K.L.:
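Provided herewith is a single structure, encoded as structure tokens, for subsequent inquiry.
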2 protein chains.
Amino acid sequence: MSIRRENTKESPGITATNNTSGNVRTRIFELGNDQNRLLIAADPQDRATLQPFLEPVTLLPGEILLDVGQAIDYVYFPQSGVISLLTMVQPGQFVETCTIGREGAVGLVTGLGSGVSLSRVVVQIAGRALRMRTALLQEILPKTPSLNDIKTRYGEALISQVLQTLACNTLHSVEQRLCRWLLICRDRTASNTVPLTQEALAEMLGVQRTTVTAAARSLQARGFIRYRRGVIECTDVAGLQETSCECYALMRDTFARLLPYTYEDPPADRG
Amino acid sequence: MSIRRENTKESPGITATNNTSGNVRTRIFELGNDQNRLLIAADPQDRATLQPFLEPVTLLPGEILLDVGQAIDYVYFPQSGVISLLTMVQPGQFVETCTIGREGAVGLVTGLGSGVSLSRVVVQIAGRALRMRTALLQEILPKTPSLNDIKTRYGEALISQVLQTLACNTLHSVEQRLCRWLLICRDRTASNTVPLTQEALAEMLGVQRTTVTAAARSLQARGFIRYRRGVIECTDVAGLQETSCECYALMRDTFARLLPYTYEDPPADRG
DNA sequence: TATTTTGTGTCCGATTACGCACAGACTTGT
DNA sequence: ACAAGTCTGTGCGTAATCGGACACAAAATA
């Protein structure tokens, strides 16, 4: 569960064909140019105001940043990696309601309301984040208009994402939803490599593991993905987009409309 | 589509057993004691500030109060009836993401953000509402702290409801979800009579009409509901609660926690 | 290296829901 | 009273997914 990514040595990669794949986990800790898009979008002045209070932290996969009913002490601004918001149905049973990466933040919206988390917040893919005390941010926000504006718009983007996920989960097949998830994850991480087990994906999608396996097999047979133990690699993004439902495009569009410049196009192919 | 409820005469009711059933549609226009819970929960002073700007309107079933991408000109505070938020998946295909009645408001949260609706907002069950220009409310809110506080907490309650609905739609059977819907609707209207067609319910739940029919039949066979053309009557609430998933209880609890006094218990039996 | 843990492949029957079609019954409007 | 429109009952084949089991392979651990 609590794998120490710092000690993780270079992953083997898929084959020589993809010479940089599999490095994501380590790259995170080597390069410093991953940045949180919300912070980037703020005025340099406002960003400077926050700077001294932002504390860099490492996001370890499986780590529970926050649980249902817990006080939201920190707001997290991911710089890399992927975080899931999970809603509890029964003790032990969860469904992913939202995927958050460097384009967003955790606790920025609900954290400033009642201050109690409605969801379980779990790190899915290792990364780094800047965090800040919620109370502090609440004090500072009125003095940083650009950030306050971003907060409002991000809140709306978040709701929009949840609404679309709701519709998607209600109407679309597991295969479509899996494609959507992979595409979103790819956007979040700017990488075609998704270091997740099918079991983890099944939990997030709220379906059986065997159903994910079947879908993954089918996608691989069509050449859209390639996978091995614990890693899925997107090899044909266009194919994934066609197989996915419109929900992916709708989610992207809404996000781009509400928060332009924060959701950049991922590279066509970068391990 | 646009039925004039004012002209609707007394519905026949189911049998003599339930002497007040079927009156809901007319009762709405006869009695004036239906009130919006959010407004009630506000300070009398703040409520008085709003009063002159609140305009009473009639909610006609099928009426589209707001559509995707439309500017949110008004905030609606329902006093009776039921309103649905629907998310579009394809042109013409929608799923209900949220059910709103007198315990809430339309446009209060997203209306004050970008001002553009993310959902289609449709009247499901006839009723009345007070509405107010969004821009005006935005001006007044800072001067009415109790209302501003309610707005924040209602926003969170709304998100919570959507998250739970997402999980529920993802994991639970149509029968369970139908029960949940009926129970929520019952809370919203304080009535055991749900004046909706199975077709309308199917659309909201995002399933086939025949599937709803099958579920309704089964529930009726067990004595939990009784239905005729266009009307479902809850006859055994305890049975419905047992058949429903935990989501209903979770949703109620969260709402009660965030907005105490606004979500009162519905009567055990009142047509 | 050996052992344990974890992830995947695969099979199976059972169940749920889809998708479509059509008949019949109830309302509404004329 | 009649016609048109709408809602519900029902049947039936098909597809998707569940839910559980077990074998096997790969990785982590000792």
Side-chain angles (χ1 to χ4, degrees), chain A residues 1-5 7-14 22 25 61-62 89 93 95 124 168-178 194-221 225-233 243 245, chain B residues 1-5 7-14 22 25 61-62 93 95 168-178 194-221 225-233 243 245:
Chain A
M1 266 304 159
S2 64
I3 306 156
R4 288 284 154 75
R5 287 304 183 188
N7 303 337
T8 302
K9 61 173 183 298
E10 186 83 26
S11 299
I14 292 195
R25 305 179 192 179
V89 176
Q93 195 180 24
V95 182
Q124 297 291 352
C168 188
N169 282 15
T170 305
L171 293 175
H172 298 142
S173 70
V174 173
E175 184 178 86
Q176 288 178 305
R177 287 162 53 199
L178 177 59
V194 179
L196 284 175
T197 64
Q198 298 178 6
E199 202 146 17
L201 284 165
E203 266 195 68
M204 286 191 271
L205 297 174
V207 298
Q208 296 270 117
R209 195 264 308 166
T210 50
T211 307
V212 171
T213 300
R217 256 181 69 78
S218 166
L219 291 176
Q220 178 163 259
I225 64 172
R226 221 177 342 169
Y227 65 87
R228 58 186 194 282
R229 195 188 172 83
V231 182
I232 296 181
E233 193 200 2
T243 312
C245 40
Chain B
M1 267 305 157
S2 62
I3 306 155
R4 289 283 154 75
R5 288 302 184 191
N7 302 336
T8 302
K9 61 174 184 299
E10 186 83 25
S11 299
I14 291 196
R25 304 178 192 180
Q93 195 179 24
V95 182
C168 187
N169 282 15
T170 304
L171 293 175
H172 298 142
S173 70
V174 173
E175 184 178 86
Q176 288 177 306
R177 288 162 53 199
L178 177 59
V194 179
L196 283 175
T197 64
Q198 298 178 6
E199 201 146 18
L201 284 166
E203 265 194 71
M204 286 192 272
L205 297 175
V207 299
Q208 297 271 116
R209 194 264 310 166
T210 50
T211 307
V212 171
T213 300
R217 256 181 68 79
S218 166
L219 291 176
Q220 180 163 259
I225 63 172
R226 220 176 344 167
Y227 64 89
R228 58 186 194 283
R229 194 189 175 82
V231 182
I232 295 181
E233 193 200 1
T243 312
C245 39

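Keep in mind it's a predicted model, so treat the numbers as computed, not measured. We name chains A, B, ... by the order of the sequence lines, and we start the count at 1 in each one.
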K.L.:
On a heavy-atom basis, which atom in A:Q124 and which in A:P61 lie closest, and how many Å separate them?
P.N.:
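Answer, listing the atom of A:Q124 first, then A:P61: O-CB, 3.9 Å.
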K.L.:
Let me know the distance between CD of A:E203 and P of C:dT8, rounded to the nearest Å.
P.N.:
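Atom-to-atom, A:E203 to C:dT8, this comes out as 13 Å.
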K.L.:
Rounded to whole angstrom units, what separation is found between the CD atom of A:Q93 and the C1' atom of D:dG19?
P.N.:
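The answer, rounded to whole Å, is 13 Å.
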K.L.:
Go through the side-chain N and O atoms of B:E175 and B:S218 and say whether any donor and acceptor fall under 3.5 Å apart.
P.N.:
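Indeed, the side chains of B:E175 and B:S218 share at least one donor-acceptor pair under 3.5 Å.
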K.L.:
Nucleotides 3-5 of chain D: which of its N/O atoms have a protein N/O under 3.5 Å away?
P.N.:
from, atom 1, to, atom 2, distance (Å)
D:dG5, N2, B:R229, NH2, 3.3

K.L.:
Indicate the atoms forming the closest heavy-atom contact of B:L196 with B:A200, along with that distance.
P.N.:
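Answer, listing the atom of B:L196 first, then B:A200: CD2-CB, 4.3 Å.
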K.L.:
Compute the angle between the rotation axes at the two ends of the helix from C:dT1-D:dA30 to C:dT30-D:dA1, each taken over five pairs, rounded to 10 degrees.
P.N.:
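Between the first-five-pair axis and the last-five-pair axis there is 50°.
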K.L.:
Using whole Å, report how far CZ of A:R209 lies from P of C:dT8.
P.N.:
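That distance rounds to 7 Å.
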K.L.:
Kindly state which residues belonging to residues 212-219 of chain B come within less than 4.0 angstrom of DNA chain D, counting heavy atoms of the residue only, listed by number.
P.N.:
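B:T213, B:R217, in order of number.
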K.L.:
With a cut-off of less than 4.0 Å, is there a side-chain N or O of A:Y227 near OP1 or OP2 of C:dG9?
P.N.:
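Answer is yes, contact under 4.0 Å.
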K.L.:
Are side-chain heavy atoms of A:I225 and A:E233 found at a separation under 4.5 Å?
P.N.:
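A side-chain contact is absent here, since even the closest heavy-atom pair is not under 4.5 Å.
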K.L.:
Check the pair A:L201, A:I232 against side-chain contact (heavy atoms from CB on, under 4.5 Å), reporting the backbone distance first and the verdict last.
P.N.:
CA-CA 11 Å; A:L201 284 165; A:I232 296 181; 3.4 Å; yes
K.L.:
Which pairs, protein N/O on one side and nucleotides 13-18 of chain C N/O on the other, fall under 3.5 Å?
P.N.:
from, atom 1, to, atom 2, distance (Å)
C:dA17, OP1, B:V174, N, 2.8
C:dC18, OP2, B:Q208, N, 3.2
C:dC18, OP2, B:T211, OG1, 2.7

K.L.:
Taking the side chain as C-beta and beyond, is there a heavy-atom pair between A:V95 and B:L171 under 4.5 Å?
P.N.:
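A side-chain contact under 4.5 Å exists here.
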K.L.:
Output the rounded distance in Å from CD (A:Q198) to C1' (C:dG7).
P.N.:
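Rounded to whole Å, this separation is 8 Å.
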K.L.:
Using whole Å, report how far CD of A:Q176 lies from P of D:dA16.
P.N.:
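Roughly 10 Å, once rounded to whole Å.
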K.L.:
Rounded to the nearest Å, what distance is computed from the CG atom of residue A:L205 to the P atom of nucleotide D:dC18?
P.N.:
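Spelled out: CG on A:L205 to P on D:dC18 is 10 Å.
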K.L.:
Quick one: salt bridge (charged side-chain N to carboxylate O under 4.0 Å, His left out) partners of B:E203, sequence neighbours excluded?
P.N.:
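None.
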K.L.:
From A:Q220 CD over to A:R228 CZ, what is the distance, rounded to the nearest 0.5 angstrom?
P.N.:
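With rounding to 0.5 Å, CD (A:Q220) is 11.5 Å from CZ (A:R228).
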K.L.:
Given side chains that start at C-beta, do those of A:L178 and A:L219 come closer than 4.5 Å, heavy atoms only?
P.N.:
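A:L178 reaches A:L219 side chain to side chain.
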K.L.:
Please list, one pair per line, the donor and acceptor atoms closer than 3.5 Å that link side chains of residues 210-217 of chain A to other protein atoms, with sequence neighbours excluded.
P.N.:
from, atom 1, to, atom 2, distance (Å)
A:T213, OG1, A:Q198, OE1, 2.7
A:T213, OG1, A:R209, O, 3.2
A:T213, OG1, A:R209, NH1, 3.3

K.L.:
Is a side-chain donor or acceptor of B:R177 paired with a backbone partner of B:C168 at a separation under 3.5 angstrom?
P.N.:
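Absent.
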K.L.:
Applying side-chain contact (heavy atoms from CB on, under 4.5 Å), run through A:V207 and A:V174 and close with a yes or a no.
P.N.:
CA-CA 8 Å; A:V207 298; A:V174 173; 3.7 Å; yes
K.L.:
Nearest-Å distance, CZ (B:R228) to P (C:dC26)?
P.N.:
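Distance, rounded to whole Å: 12 Å.
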